[in-house]
Amino acid sequence: MSSVSTSTPGVRQENFRFRCIACGDLSDAASQDFRCGRCGDLLEIAYPTWNEKKPDAAMLKSAWQKRRLSSSAVDLSGVWRYRDLLPALDDEQQVITLREGNTPLYELPRCARITGVPHLFAKHQGMNPTGSFKDAGMTVAATFARRAGFRWVACASTGNTSASMAAYAARGGMRGLVLVPEGKISWSKLSQALDCGAVTCQLRTDFDGCLKLLQELVRQAPVYQLNSINPFRLEGQKTLAIELLEQLDWQVPDHVIVPGGNLGNSSAIGKALLEMRELELISRLPKLSVIQAEGANALVRTLREAGGKRLISVPAETRATAIRIGNPASWKKAAHVLEATGGACEQVTELEIAHAKAEIGAEGIGCEPASAVTLAGMKKLVKQGFVKPDETVVLVLTGNLLKDPDFTIDFHRGEMFGGGPESGAVDSLRHPPIVLDASLDAVMRTLERFN
Ligand code: F0G
């Protein structure tokens with residue numbers, strides 16, 4: 001079994017190539033570990049035909065608008081609707097889709113007041129079919145896996161990738177193998193993988209250990225890896241940025257702020273922004289900033305202490321388990337897009353994450369802890385003067401509130417910060433459940449207490 005190549009039946013020969021991010025080598029095929037055959041660095045998808053004939057920006061915008069009126073599966077997908085900027089398939093009926101993308105852009109008036117940034121929005125990727133941004137990448141990578149004839153797909157995960165992969169594998173009639181760190185992912189995410197029939201292995205290691213093992217596995221077994229090291233995943237995740245710009249009527253925001261874990265998503269959004277400028281869909285770039293948990297701050301340290309030249313790995317620890325990653329695979333891609341867009345990289349504490357998550361929840365939309373780092377990080381960037389009050393900011397909320405109920409319940413019950421001095425800072429945001437006798441009087445008295 002070879003990996004996907006441009007000569008795979010059904011893949012349009014002329015549409016794309018694999019390009020090494022370090023030596024620039026262009027190739028028609030990628031090996032199982034998605035590493036450059038010459039220098040071993042990561043691959044990305046390139047579209048050499050754009051050099052000869054750029055897709056026309058006005059025609060693209062109008063085609064994407066028109067597809068919103070269509071009822072075909074590829075047009076109903078908020079990823080494949082933008083297929084002109086994705087690796088193409090001859091037969092569009094072959095896509096594995098759950099109608100991913102199409103995620104809302106919300107105003108955040110309450111958070112805007114708190115932070116003093118009136119033009120504040122959230123692009124809520126947690127509204128995807130399996131509840132996270134992973135679906136946008138998975139529809140593309142799973143489709144190419146099936147076209148290449150793979151029976152098995154696999155991933156290492158902090159939970160969301162596995163939930164998404166399990167769903168798309170099942171929809172596409174493939175088997176899924178999931179490697180997750182034992183005891184370190186939320187039950188909600190684990191239950192999604194089980195429900196969709198993936199073979200789910202809880203390994204006695206952390207995420208980085210799971211990913212290392214997967215890399216070894218794919219060199220030996222005909223299993224197609226669907227981590228974000230797979231460049232097809234990042235192509236799908238690009239569409240978040242395209243859809244966002246379309247929702248803003250192509251008015252470019254000043255800042256896009258995204259959480260950073262394995263750093264695939266920031267890389268994908270950055271690639272989309274750069275490509276959109278190349279194709280003149282937009283005339284300037286927003287600053288793309290990445291926020292990490294203080295306990296999993298490999299990119300922060302890599303940029304501050306090594307000038308972005310070499311990765312500084314860290315032992316990762318945070319209750320935002322989705323981003324509990326110490327050795328991010330796509331650090332070079334992320335460092336590049338941060339530099340290209342002029343973005344910042346910040347870190348936030350556990351308390352700041354919990355605080356921001358409660359503030360987003362109070363807007364009526366909620367998100368998972370890893371997503372809340374964006375608001376927490378933005379507050380810091382405002383203090384530093386990097387984000388200015390008159391600028392437009394979009395926070396990318398990556399996962400749904402229901403992904404990690406334990407975090408939310410522990411927070412509201414006051415069980416998160418051990419009742420120590422730290423917990424006082426967030427007391428006004430806590431709404432613990434109230435146990436009462438089943439009497440009208442008890443409920444009436446409670447109502448009065450909160451009036
Ligand atoms: N937010 C959520 C909700 C995530 O699940 C992840 C990553 C991230 C942010 C970070 O994105 O890795 O592209 O920088 N979750 C992965 C997983 C690693 O296995 O589900 P990234």
Side-chain angles (χ1 to χ4, degrees), residues 103 122-128 130-138 154-167 178-181 184-186 188-190 192-193 198 200 203 206-211 214 225-231 233-234 236-238 240 257-271 288-293 296-300 316 318-335 337-338 345 348 353 357 360 366-375 377 395-404 407:
T103 58
K123 176 72 174 153
H124 206 330
Q125 293 297 95
M127 301 300 177
N128 266 295
T130 76
S132 85
F133 70 97
K134 306 288 180 181
D135 297 343
M138 210 52 80
C155 70
S157 182
T158 57
N160 280 327
T161 301
S162 50
S164 180
M165 187 198 78
V178 162
L179 307 181
V180 290
K184 298 292 181 189
I185 80 166
S186 82
S188 307
K189 298 175 188 178
L190 191 71
Q192 289 180 285
T200 304
L203 303 186
D206 54 11
F207 168 82
D208 301 294
C210 292
L211 188 57
L214 179 71
Q225 76 154 310
L226 287 179
N227 274 91
S228 57
I229 211 166
N230 179 325
R233 278 268 315 273
L234 299 197
Q237 286 172 213
K238 280 190 331 193
L240 177 168
I257 302 181
V258 64
N262 212 21
L263 299 173
N265 206 29
S266 40
S267 304
I269 295 170
K271 187 171 191 278
L288 177 66
S289 293
V290 172
I291 314 296
Q292 296 196 297
N297 61 353
L299 186 67
V300 175
T318 169
R319 274 209 65 166
T321 51
I323 50 173
R324 192 176 176 279
I325 294 172
N327 192 26
S330 294
W331 69 273
K332 258 193 206 172
K333 290 184 179 179
V337 295
L338 252 64
C345 186
V348 290
I353 296 172
K357 184 174 132 49
I360 296 168
C367 64
E368 73 164 285
S371 310
V373 301
T374 53
L375 179 64
L395 308 177
V396 178
L397 302 183
T398 44
N400 195 286
L401 166 68
L402 297 175
K403 284 286 194 171
D404 194 349
F407 184 104

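Just so it is clear, the model here is predicted, and its values are computed rather than measured. Numbering of ligands and ligand atoms starts at 1, following listing order.
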- request: Measure the distances from the heavy atoms of Val258 to every atom of ligand 1 and state whether one is below 4.0 angstrom.
  value: no
field: Short N or O distance, Lys189 and ligand 1, threshold 3.5 Å exclusive
entry: no
Which of the ligand 1 atoms, numbered from 1, are nearer than 4.0 Å to a heavy atom of Glu368: 3 (C)
- prompt: Does Cys345 reach the side chain of Leu338, with side-chain heavy atoms less than 4.5 Å apart?
  reply: yes
- request: Calculate, to the nearest 0.5 Å, the distance between atoms CD1 and CD belonging to Ile353 and Gln292 respectively.
  value: 10.5 Å
- request: Keeping the roles fixed (side chain from Ser132, backbone from Gly399), state whether a donor-acceptor pair exists under 3.5 Å.
  value: no
- prompt: What protein heavy atom is closest to atom 20 (O) of ligand 1, reported as residue, atom name and distance in Å?
  reply: Thr161 N, 2.8 Å
- prompt: Less than 3.5 Å between some nitrogen or oxygen of Ala370 and one of ligand 1, yes or no?
  reply: no
- prompt: Should Gly260 be listed as contacting ligand 1, given a heavy-atom distance under 4.0 Å as the test?
  reply: yes
query: Would you say Thr103's side chain and Asn128's backbone share a donor-acceptor pair under 3.5 angstrom?
result: no
task: Return the residue, atom name and 0.1 Å-rounded distance of the protein heavy atom closest to atom 7 (C) of ligand 1.
output: Lys134 NZ, 3.0 Å
query: So which bit of Ala322 gets within less than 4.0 Å of ligand 1, heavy atoms only: side chain, backbone, both or neither?
result: both
field: Nearest neighbour in protein (non-hydrogen) for atom 12 (O) of ligand 1
entry: Asn262 N, 2.7 Å
query: Taking only heavy atoms of Ile325, which atoms of ligand 1 are found under 4.0 Å from at least one of them?
result: 18 (C)
task: Kindly give the heavy-atom pair with the smallest separation between Gln237 and Asn265, and that separation in Å.
output: NE2-OD1, 3.0 Å
query: Would you call Leu234 and Lys333 a side-chain contact if the rule is heavy atoms closer than 4.5 Å?
result: yes
query: Can you check whether Thr158 has an N/O within less than 3.5 Å of an N/O in ligand 1?
result: yes
message: If you define the side chain from C-beta out and look only at heavy atoms, does anything of Val373 sit under 4.5 Å from Ile323?
response: yes
- prompt: Looking only at protein heavy atoms, which one is nearest to atom 5 (O) of ligand 1, and how far off is it?
  reply: Asn160 ND2, 2.8 Å
- request: Identify, for atom 13 (O) of ligand 1, the protein heavy atom at the shortest distance, and state residue, atom and that distance.
  value: Asn265 N, 2.8 Å
statement: Checking heavy atoms under 4.0 Å, the part of Lys403 that sits near ligand 1 is neither
query: Hey, is the main chain of Ala163 close enough, under 3.5 Å, to the side chain of Thr130 for a donor-acceptor pair?
result: no
message: Is there a side-chain contact between Val258 and Ser266 in this structure, where contact means two heavy atoms from C-beta onward sitting under 4.5 Å apart?
response: yes
message: Donor-acceptor pair, distance only, cut-off 3.5 Å: does the side chain of Asn400 make one with the backbone of Gly126?
response: yes
message: I need the nearest protein heavy-atom contact for atom 11 (O) of ligand 1: residue, atom name and distance, please.
response: Phe133 CZ, 3.4 Å
statement: among protein heavy atoms, the one nearest atom 9 (C) of ligand 1 is Thr398 OG1, 3.6 Å
task: Find the distance between CG (Leu397) and SG (Cys367) and round it off to the nearest 0.5 Å.
output: 5.0 Å
task: Say whether Asn160 and Glu368, considering side chains only, have a donor N or O and an acceptor N or O under 3.5 Å apart.
output: yes
- prompt: Which of the atoms of ligand 1 are close to Gly264, meaning less than 4.0 Å from one of its heavy atoms?
  reply: 13 (O), 14 (O), 21 (P)
message: Which of the numbered atoms in ligand 1 are under 4.0 angstrom from any heavy atom belonging to Ser157?
response: 17 (C), 19 (O), 20 (O)
query: Please state which protein non-hydrogen atom is closest to atom 8 (C) of ligand 1 and give its distance, to 0.1 Å?
result: Ile323 CG2, 3.6 Å
